[in-house]
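Down below is the structure, laid out as structure tokens.
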Amino acid sequence: MQLKLPAVPADETMQLRVLDPGVLDSPTEQPKSGKRGRRKAPRPSVPARFAAVVGSRLAPFAPFVRRMRPRYPRPGRADWRRWVPSWRQSLGAAGLTVGISTMLLTVAYATTEIPNDLNTFATQQDNVYFWSDGTPMARTGWVRRQAMPLKDVPEDVRWAVLAAENASFYSDPGISVSGITRALVRTVGDGDTQGGSTITQQYVKNVYLSQDRSLSRKFDEAMIALKLDNKMSKDKILEAYLNTSWFGRGTYGIQRAAQAYYGKDVNELNVSEAAVLASLLKGAGLYDPSLSKANRERAVERWEWTLDRMVAIGKLSKAERATYTKFPEPIEQSNQYDTGKQSDYLVVLASQYAKKAANLTDQEFDRGGYQIYTTFDKDRQSELTDAVTKAREQVEKDKPKKAKTAHFGASSVAADGRILAVYGGPDHRKQGYNESNATTVPSGSAFLPFVYAAGLEHGVVKERGGEATPVTPETVYDGNDAVPVTTPEGPYWDRDGDQVYAHNDGEKSWGPITLHDALAGSVNTPFMQLGMDTGLDKVRDTAEAAGLLSSSFGAQVPALSVGSATPSAIRMASGYSTFAALGKHTEPYSVRKVTHNGSKAALNTPKPKRAVGADVAAEVTSALTDAFRADHPVSPGAASFEAAGKGGTTQDDKAAWYVGTAKDVSTAVVVYRIDLTESLEPLPLDGIAGTPNSGVPYDIWSSAMSVG
């Protein structure tokens with residue numbers, strides 16, 4: 001039986017194929033299961049899903065949003081009112097603006113970081129040097145700034161600054177919205193930006209940012225100030241601000257300002273003076289009263305306003321305010337802190353010693369902030385400088401040609417090791433070479449006391465391997481000229497095979513002479529032999545223990561006993577001071593205290609050590625006293641028996657010395673000639689120094705010792 005299917009139009013057949021996704025187009029495509037397959041609808045994108053969720057949440061607000069949507073021109077209104085938004089639209093726009101602004105400020109605050117690196121110039125300080133009496137001597141460094149802990153700044157001084165600059169400092173969040181607004185207006189215009197910042201903002205500008213007036217800089221300043229206010233205590237911010245602010249006269253920080261304007265430390269300021277310094281923060285160029293009459297008028301007005309403001313905020317009583325009726329005039333600008341000429345030599349010595357004694361690196365020291373209290377005596381330094389200057393001028397007048405190569409080294413050292421004065425040269429800026437610290441010329445017969453001390457301390461050995469026998473001041477030696485130098489084995493021969501002979505100045509013969517009288521008369525030959533009998537190693541050890549440096553000694557030959565060593569004037573004065581200290585030596589030092597921003601630094605101050613016995617030192621001093629009396633019988637020092645010293649001559653007339661002690665202070669003076677443009681080889685003096693015991697070295701010595 002044949003079935004007949006109803007005919008289907010062609011277009012309906014195509015429609016079935018499209019609507020039925022289960023029909024396979026190819027006989028080879030079979031479903032994985034026996035069931036009819038279905039295609040899944042594609043998954044909506046992430047943005048579409050997010051929009052659907054948000055849309056469903058905001059659907060209740062749709063009518064309100066539609067009403068807020070501006071329709072311009074507004075229907076139902078006429079004239080200009082058609083273009084005015086409704087109150088709902090205005091309120092919505094304002095809320096949106098506040099919301100976006102808050103969000104942007106929150107993001108800006110969260111992303112703002114306080115810079116790790118401070119403005120180096122804003123924190124750099126100078127180093128200040130003081131005389132032994134505590135008065136300022138010199139300063140070094142590019143910036144005049146000395147940081148002071150807040151605890152050392154009196155409260156009256158702090159509140160004078162706060163009253164003038166930011167009375168609400170301890171309660172504000174670090175910024176002033178009204179102040180920022182005013183500053184922004186001035187920045188956009190042509191006005192200045194002063195007065196629109198809190199102390200926190202001013203500090204941020206000083207140490208973190210540049211000084212430009214751009215809007216971006218002002219915004220950065222506010223953000224960093226807010227964050228800094230949350231991270232630092234108010235006291236720390238105030239301390240930092242006081243130490244980094246510009247006060248004029250080349251000074252930064254209130255400590256240096258107090259010194260520059262009133263010649264005192266900040267802890268010595270009164271309220272009236274502090275009010276003047278506070279006014280300078282508004283602009284030192286406009287308020288330093290010494291610059292002009294107009295400046296003074298502004299300063300007086302600002303000073304009065306600041307004091308009145310302190311009363312208004314409850315930080316100054318009306319009764320005390322009434323006592324400040326006279327403007328406290330600042331001192332005139334001075335160069336008392338500047339180095340130059342002689343003070344440069346002192347600064348170099350003190351800075352070298354301070355770094356070594358306080359264990360400071362060059363980098364640490366150069367950052368500044370150190371107060372170096374030296375041992376230099378202002379009066380002695382002045383007297384020594386004047387004496388050498390006078391001697392120089394006389395030599396230049398008498399022998400101008402030879403004076404060009406003349407050098408005058410001099411130093412005074414106390415028995416306890418303090419370096420009291422040095423003369424380094426005519427001007428350190430023209431000649432960096434320090435004449436008082438140079439080790440270029442021999443000590444000559446000024447070295448004899450060390451040989452005498454070694455003999456008294458250790459005795460002498462006349463036979464090789466024999467026992468040492470004592471030596472006394474009355475021990476007799478041959479004082480004749482051209483005496484052969486001997487050893488236990490016989491005559492001493494030099495490396496050229498020549499026998500060595502000892503000679504006196506002027507080839508004078510004295511015959512048999514005691515060691516005491518030989519030193520008093522500066523007779524060389526007994527001490528050249530005494531050195532051999534004692535042992536040149538012991539002579540050298542004794543001299544080093546007394547203060548001479550090992551680097552100043554050359555070959556260990558008989559000439560060592562008559563001054564072949566080349567000590568500096570500082571070291572010779574130090575060596576003689578050991579005898580004045582009864583045989584105890586203290587290494588010479590130039591710094592007694594170092595502080596850093598007011599805090600005391602650890603300092604390795606030298607301690608006295610026994611160099612020779614007290615009886616030995618006393619005998620050396622006795623012989624030197626007789627030497628001084630013999631050469632200067634009419635001297636006041638000789639009459640009081642307080643002066644002990646002797647002159648020193650050298651072979652080939654290469655140097656002239658005078659070294660002596662009075663009242664526990666030893667001074668050494670040396671005159672020599674060296675052409676620094678040629679070499680460091682000493683030249684003959686050719687008479688420019690005069691005689692050993694009454695010439696130029698003694699004249700300088702006696703003037704220097706007249707102080708105290």
Notebook entry, point to check: Any idea how Phe628 and His632 line up, ring-wise: parallel (<30°), tilted (30 to 60°), or perpendicular (>60°)?
Noted result: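 The arrangement is tilted - the two ring planes meet at 30° to 60°.
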
Notebook entry, point to check: Using the ring of each side chain (for Trp, its six-membered ring), is His407 parallel, tilted or perpendicular to Tyr433, with breaks at 30° and 60°?
Noted result: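 The arrangement is perpendicular - the two ring planes meet at more than 60°.
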
Got a second to check how far [X]'s [atom1] is from [Y]'s [atom2], nearest 0.5 Å?
X	Y	atom1	atom2	answer
Thr375	Tyr373	OG1	OH	14.5 Å
Ile372	His596	CD1	NE2	9.5 Å
Leu519	Leu530	CG	CG	10.5 Å
His516	Leu624	NE2	CG	9.0 Å
Glu383	Asp377	CD	CG	11.0 Å
Ile700	Asp386	CD1	CG	11.5 Å

Checklist line | side chain to side chain contact (heavy atoms under 4.5 Å, CB included), paired with Tyr353, selected from Ile419, Val591, Val348, Val594 | finding: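 Option passing the side chain to side chain contact (heavy atoms under 4.5 Å, CB included) with Tyr353: Val591.
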
Ion pair [X]/[Y], N-O distance below 4.0 Å:
X	Y	result
Asp626	Arg629	yes
Lys401	Glu396	no
Glu435	Arg392	yes

Report yes if some heavy atom in the side chain of [X] is under 4.5 Å from a heavy atom in the side chain of [Y]; otherwise report no.
X	Y	value
Phe408	Val696	yes
Asp362	Lys355	yes
Glu393	Thr389	yes
Val612	His585	no
Ile674	Leu676	yes

Do any N or O atoms from the side chain of [X] and from the backbone of [Y] form a donor-acceptor pair under 3.5 angstrom?
X	Y	value
Asn127	Tyr370	yes
Trp701	Trp657	no
Asp494	Gly497	yes
Asp126	Thr140	no
Ser577	Ser574	yes
Thr534	Val460	no
Arg673	Leu685	no
Ser622	Ala618	no

Item checked: side-chain contact (heavy atoms from CB on, under 4.5 Å) evaluation trace for Val659 with Lys646 -> CA-CA 6 Å; Val659 189; Lys646 71 181 301 298; over 6 Å; no

Note to self: Let's go through Val413 and Arg418 carefully: what are the C-alpha distance in whole Å and the side-chain angles of both, what is the deciding distance for side-chain contact (heavy atoms from CB on, under 4.5 Å) to 0.1 Å, and is it a yes or a no?
What the structure shows: CA-CA 6 Å; Val413 179; Arg418 291 174 294 123; over 6 Å; no

Next item on the list: With side-chain contact (heavy atoms from CB on, under 4.5 Å) as the test, would you mind laying out the steps for Met532 and Thr486 before giving the verdict?
Entry: CA-CA 7 Å; Met532 298 300 295; Thr486 62; over 6 Å; no

Next item on the list: Check whether the side chains of Asp533 and Tyr477 place a donor and an acceptor atom closer than 3.5 Å, and report yes or no.
Entry: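 Indeed, the side chains of Asp533 and Tyr477 share at least one donor-acceptor pair under 3.5 Å.
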
Under 3.5 Å, which donor-acceptor pairs link side chains of residues 544-565 to any protein atom two or more places apart or in another chain?
from   : atom 1 : to     : atom 2 : distance (Å)
Glu544 : OE2    : Arg540 : NE     : 2.9
Ser552 : OG     : Leu549 : O      : 2.6

Please set out all donor-acceptor pairs under 3.5 angstrom arising from side-chain atoms of residues 444-457, sequence neighbours excluded.
from   : atom 1 : to     : atom 2 : distance (Å)
Ser445 : OG     : Thr649 : N      : 2.9
Tyr452 : OH     : Glu619 : OE2    : 2.7
Glu457 : OE1    : Gly613 : N      : 2.9

Check: Stepwise, does the side-chain hydrogen bond (donor to acceptor under 3.5 Å, both in side chains) test hold for Thr385 with Gln381?
Finding: CA-CA 6 Å; Thr385 301; Gln381 180 64 41; 3.2 Å; yes

Next item on the list: Grab the two heavy atoms, one from Gly479 and one from Asn504, that are nearest each other, plus how far apart they are.
Entry: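 So the two residues come closest at O-ND2, 3.0 Å.
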
Notebook entry, point to check: At their closest point, which heavy atom of Phe365 faces which heavy atom of Ser351, and how far apart are they?
Noted result: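 Between these two residues, the closest heavy atoms are CE2-CB, 3.9 Å.
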
Item checked: Worked check of side-chain contact (heavy atoms from CB on, under 4.5 Å) between Thr661 and Thr621 -> CA-CA 9 Å; Thr661 303; Thr621 299; over 6 Å; no

Item checked: Inter- and intrachain pairs under salt bridge (Lys or Arg N to Asp or Glu O under 4.0 Å), touching residues 478-492, at least two apart ->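 Matches after skipping sequence neighbours: Arg464-Glu489.
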
